Amino acid sequence: MTAVQREFTLPDVGEGLTEAEIVSWRVRPGDTVTVNQVICEIETAKAAVELPSPWAGTVGELLAEPGRTIAVGTPIITIDTGGAVPVADAPAEDEAVPNLVGYGPRQASATRRPRRRDTAPPPDERPTRTALSDESAVRTAVPLAKPPVRKLAKDLGVDLGSITGSGAGGVITRADVEAAAAPVAAGPAPRAGGVRREPIRGVRKATAAAVAGSAFTAPHVTEFLTVDVTATLALRDRLRATREYADVKLTPLAFVAKAVCLAAKRTPEVNASWDEQAGEIVFYDRVQLGIAAATPRGLIVPKVRDADTLSLREIAGALAELTETARAGKTPPADLVGGTFTITNVGVFGVDTGTPIINPGEAAILAVGAIKPAPWVVDGELAVRTVCQLALSFDHRLVDGEQGSRFLADVGALLTDPGLALTW
C-alpha cells in the first residue's frame with residue numbers, strides 16, 4: 001500500500017470545449033471527499049456545471065482561483081487517495097480520467113446522402129484539431145498573489161497571468177498590478193457618461209461565436225405565417241380538464257413542438273445537417289428538439305431527445321422539466337449538444353415575430369410569436385380569433401423554398417386544426 005497524490009485536470013465536459021471558469025469551490029484543503037462528490041462549480045461556454053470528484057480521498061491543494069478562466073487539461077485540484085490504493089494497482093501518471101457521469105454528447109441515428117460538388121476543398125481549408133501539449137497548456141501555473149492583490153487586479157482589469165511577480169518567490173505585489181494597469185490608465189480618456197464593462201466569456205461568448213458563424217456560413221431564408229390557433233387553445237382547455245392531463249403543465253409550446261415533429265416526417269430536409277467536409281447531407285431518423293431558453297447566464301438550447309417518439313403529454317412534461325432545469329442553471333452539457341431542429345418562443349416576451357438565426361449544424365429554426373386576439377375572416381365574416389405568427393429560418397443549401405414553405409404550412413395547418421393529425 002502506498003499514498004497516492006493525484007492531480008485532477010479540468011476535463012472537457014461538453015463537446016470540444018477548450019476552457020472554463022471556476023465559479024466556486026465546494027471543498028477546502030483537508031476535506032474528505034468521495035467519488036462523484038461535487039467539488040466545484042464551473043461555467044463553460046455552454047452552461048454552469050457541477051464538477052464531481054473522480055476519486056475518494058483528502059483534498060490537498062486547490063490549484064485554480066474562483067473567477068479565473070483556465071484551459072481544459074490544466075490541473076485544478078490535488079487529492080491524496082491515502083493508502084487505499086495498492087502499489088501494484090496504483091494508476092500510471094498518464095492514465096486518463098474516466099468520463100464523468102452525465103457528460104458527453106448523445107448520438108442520434110442518421111443517414112447520409114452524398115452531395116455532388118466539383119472540387120474538394122484545399123487541405124489548408126479543412127478544419128483541424130490540435131492537441132494541447134503537456135508543457136504548454138496542461139501544466140499552466142497559477143499566479144502567486146495574496147487575496148487583496150487579486151481583488152485589486154480584478155478591479156483594474158489586469159490579468160495576473162501576464163505579470164511576473166517581483167516579490168519573494170515570484171509573488172505578485174500591489175506595485176506589480178498597478179504598474180501593469182498603468183498603460184491602460186494612460187490610454188485615451190473615456191467618453192462622458194457612465195459606462196459598465198463586463199468580460200465576454202462563458203455562455204455569452206459561445207452564443208456570439210455560434211450565431212456569427214451560423215449567420216455567415218449558412219445562407220438563411222426566413223418565411224412568415226400567421227395562423228389561427230383558436231381550435232388548438234380550445235383543445236388545450238379540454239385536455240386540462242381530463243384526468244390524464246391534470247398534473248401536466250400543458251402550454252401552447254407543447255402543441256407547436258408536436259406539430260413540428262409531425263411536419264418534419266413529411267419534410268425530412270428540415271431535420272438534417274450539411275457536412276461540408278464529407279460532401280454529404282446527413283438525414284436524422286429522430287428529432288432531437290432544441291428549445292431556446294433565456295437564463296440568468298444567457299441563452300442556451302437544451303434538447304428534448306427523440307421528441308418525435310413522444311406523445312403530447314410526454315412532450316409537455318419534458319418541456320416543463322427542461323425549462324425548470326435551465327432556469328436553475330443545472331442543465332448538463334450533454335443536453336446542450338446534438339440537436340437537429342430548434343424552436344424559439346419569442347412570444348413569451350410579447351414579441352409578434354422575428355428572424356431567428358439557425359442553430360449551428362442544423363437545417364432550420366422556428367420562432368413562435370405572441371398568441372393574442374385579432375380580427376380574422378371566418379367563412380366570409382369578420383370575427384375575433386386567437387392568432388399567432390410563425391417565422392421559419394432555414395439553410396437554403398439543405399432546404400429549398402418549396403420544402404420550407406410546405407413544412408411551415410404543415411405546422412400552421414396542425415395548429416389551426418389539430419384534428420388533421422389523425423389523417424397524416
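As a basis for the values below, the full set of heavy atoms in this structure was taken, side chains included, without hydrogen atoms, waters or symmetry mates. Remember, predicted model here, so these are calculated numbers, not experimental data.
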Next item on the list: Not counting sequence neighbours, list each pair that qualifies as a salt bridge (charged side-chain N to carboxylate O under 4.0 Å, His left out) and has a residue in residues 161-171.
Entry: none
Check: Taking only residues at least two apart or on different chains, which pairs with a member in residues 348-359 satisfy salt bridge (charged side-chain N to carboxylate O under 4.0 Å, His left out)?
Finding: D352-K372
Return the set of residues passing salt bridge (charged side-chain N to carboxylate O under 4.0 Å, His left out) with [X] (not counting sequence neighbours), or none when no residue passes.
X	value
D247	R313
R406	E402
R327	none
K265	none

Margin query: Side chains of D176 and T173: any donor to acceptor distance under 3.5 Å?
Written below: yes
Sequence neighbours excluded, which residues qualify as side chain to side chain donor-acceptor pair (under 3.5 Å) partners of [X]?
X	result
R26	E50
E21	R201
T331	none

Item checked: Qualifying ring pair (Phe, Tyr, Trp, His ring centres under 6.0 Å) pairs, either residue in residues 317-368, two or more places apart -> F341-F407
Check: What residue pairs, at least two apart or across chains, pass ring pair (Phe, Tyr, Trp, His ring centres under 6.0 Å) with a residue in residues 304-334?
Finding: none
Check: With sequence neighbours left out, what residues match T217 under side chain to side chain contact (heavy atoms under 4.5 Å, CB included)?
Finding: R397
Nearest 0.5 Å, please: how far is [atom2] in [Y] from [atom1] in [X]?
X	Y	atom1	atom2	result
S393	E223	OG	CD	9.5 Å
S273	D395	OG	CG	10.0 Å
L289	T340	CG	OG1	7.5 Å

Notebook entry, point to check: Would you say the side chain of L262 lies within less than 4.5 Å of the side chain of D410, judging by non-hydrogen atoms?
Noted result: no
